[in-house]
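Counting convention: from 1, in listed order, for ligands and their atoms alike. Worth saying up front: this structure is predicted, and the values here are computed from it rather than measured.
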Amino acid sequence: MTYKPRDISEEIVDRLSPFYDLNEARAISRQLLEEVLNIRTVDVVVNDEIELDTTKQDELNNILDRLAEGEPVQYILGYTWFRGRKYRVNSSVMIPRQETEEFVELVIQENKQLGLKILDIGVGSGCIAISLACELDNAVVHACDISKEALATAGSNSDGLNGKLILHECDILNDFPAIEELDVIVSNPPYIREVEQVNMDANVLEYEPEIALFVEDNDPLLFYRTITNWAKTKLKKEGKIYFEINEAYGQETKQLLIAEGFKEVRVVKDLNGKDRIVAGSQRE
Ligand SMILES: C[S@@+](CC[C@H](N)C(=O)[O-])C[C@H]1O[C@@H](n2cnc3c(N)ncnc32)[C@H](O)[C@@H]1O
């Protein structure tokens, strides 16, 4: 059958509007038009009739039903974009966030030397580690995670995107990978307190892996403290550490690094003005 692209676009927005705010519904509609139906924004503007076979219609309806249930579009499509690269995602990994793109940008801007030895703790989909492997010349990038499934996803993204990673399975609350003499340690560990669940979207709570999100209420800095304590003996002199953080804990995380002897410790805000990164350098 033939359809006007604008009618399809409006129908998608209508079907999503009970569940998503208008901007989000429009953004998802644009993505589905382009990436599922091959209808570009320019086709919507021109609005000439197009052919849509029943397979594509069924596929679209199935996606819209799943979206209405609250399943994130990234898990439905099986991929998402991060710094211009397409990453496979599934329910074993957290969906990469925009704040993490800002985190990676800062690390890249401040670490342009050749051949750095880097460790990403809590690799998930691989979005941080693979970006560093792809964008920092000759970097040797190690990455670890407690989850076998996450490591498999990071491995597949690493192969597909040509960002070589050396992967380690470990629970950093018990043991770290045997790596020394690191130039840079980065981590976006679980940092949401369980009490914060009440303010979270149902689709995050129901679909994203708990182990990637939550830390116990009574010890919200657990991962930061454990990593900092290990890092101070494993970083080279002048080596650097970068944490993505819970906006509520900028100052506490900064004090933690200072207490462990790190210098040039700072809190960096994200584009929304929230404390989002804490960074420091190894003293000696
Ligand atoms: C917030 S997610 C970050 C994922 C990815 N780096 C990103 O920025 O999108 C935290 C990751 O830490 C991993 N993780 C949780 N507990 C861990 C532990 N005890 N040891 C190692 N990794 C852990 C989770 O499996 C998850 O992949």
Can you tell me if Phe223 contacts ligand 1 (heavy atom of the residue under 4.0 Å from the ligand)? yes
Minimum distance, heavy atoms only, to atom 17 (C) of ligand 1: which one of Val104, Ile146, Val123 is it? Ile146
Can you tell me if CD on Glu69 sees more than 12 non-hydrogen neighbours from other groups inside 6.0 Å? no
Any heavy atom of Cys144 sitting closer than 4.0 Å to ligand 1? no
Crowding at CD, Gln109 (>12 non-hydrogen neighbours, <6.0 Å): yes
Using a heavy-atom cut-off of under 4.0 Å, does the side chain or the backbone of Cys170 touch ligand 1, or both, or neither? backbone
Inspect the surroundings of CD in Glu11 and state if more than 12 heavy atoms from other residues, nucleotides or ligands are less than 6.0 Å away. no
Could you tell me, atom by atom, which parts of ligand 1 come under 4.0 Å of a heavy atom of Gly122? 3 (C), 4 (C), 5 (C), 6 (N), 11 (C), 12 (O), 13 (C)
Is the Tyr75-Tyr207 ring centre distance short of 6.0 angstrom? no
At less than 4.0 angstrom from any non-hydrogen atom of Ile128, what atoms of ligand 1 do you find? 6 (N), 8 (O)
Can you tell me how far the OG1 atom of Thr253 sits from the CG atom of Asp275, to the nearest 0.5 Å? 9.0 Å
Check: Asp171/Asn174 side-chain N/O donor and acceptor closer than 3.5 Å: yes
Should the proximity of Asp145 to ligand 1, defined as any heavy atom under 4.0 Å, be assigned to the side chain, the backbone, both, or neither? both
Looking at Asp171, which atoms of ligand 1 are within less than 4.0 Å of one of its heavy atoms? 18 (C), 19 (N), 20 (N)
Have a look at ligand 1 and work out which part of Asn188, if any, has a heavy atom under 4.0 Å from it: side chain, backbone, both or neither. both
For Glu194, is the CD atom crowded, meaning more than 12 foreign heavy atoms sit under 6.0 Å from it? yes
Interatomic distance, CD1@Ile179 vs SG@Cys144, rounded to 0.5 Å, equals 7.0 Å
In terms of the angle between their ring planes, are Trp230 and Phe176 parallel, tilted or perpendicular, with boundaries placed at 30° and 60°? parallel
What's the shortest distance from atom 2 (S) of ligand 1 to any protein heavy atom, and which residue and atom give it? Ala212 O, 3.5 Å
Surrounding CZ of Arg88 (heavy atoms of other residues, nucleotides or ligands, distance under 6.0 Å), is the total greater than 12? no
Closest approach of any protein heavy atom to atom 20 (N) of ligand 1, naming residue and atom: Ile172 N, 3.0 Å
among protein heavy atoms, the one nearest atom 15 (C) of ligand 1 is Ile211 O, 3.3 Å
Look at atom 9 (O) of ligand 1 and say which protein heavy atom is nearest, naming residue and atom and giving the distance to 0.1 Å. Cys127 SG, 3.4 Å
May I ask you to list the atoms of ligand 1 that are less than 4.0 angstrom from any heavy atom of Thr100? 8 (O)
Sub-4.0 Å heavy-atom contact, Pro190 with ligand 1: yes
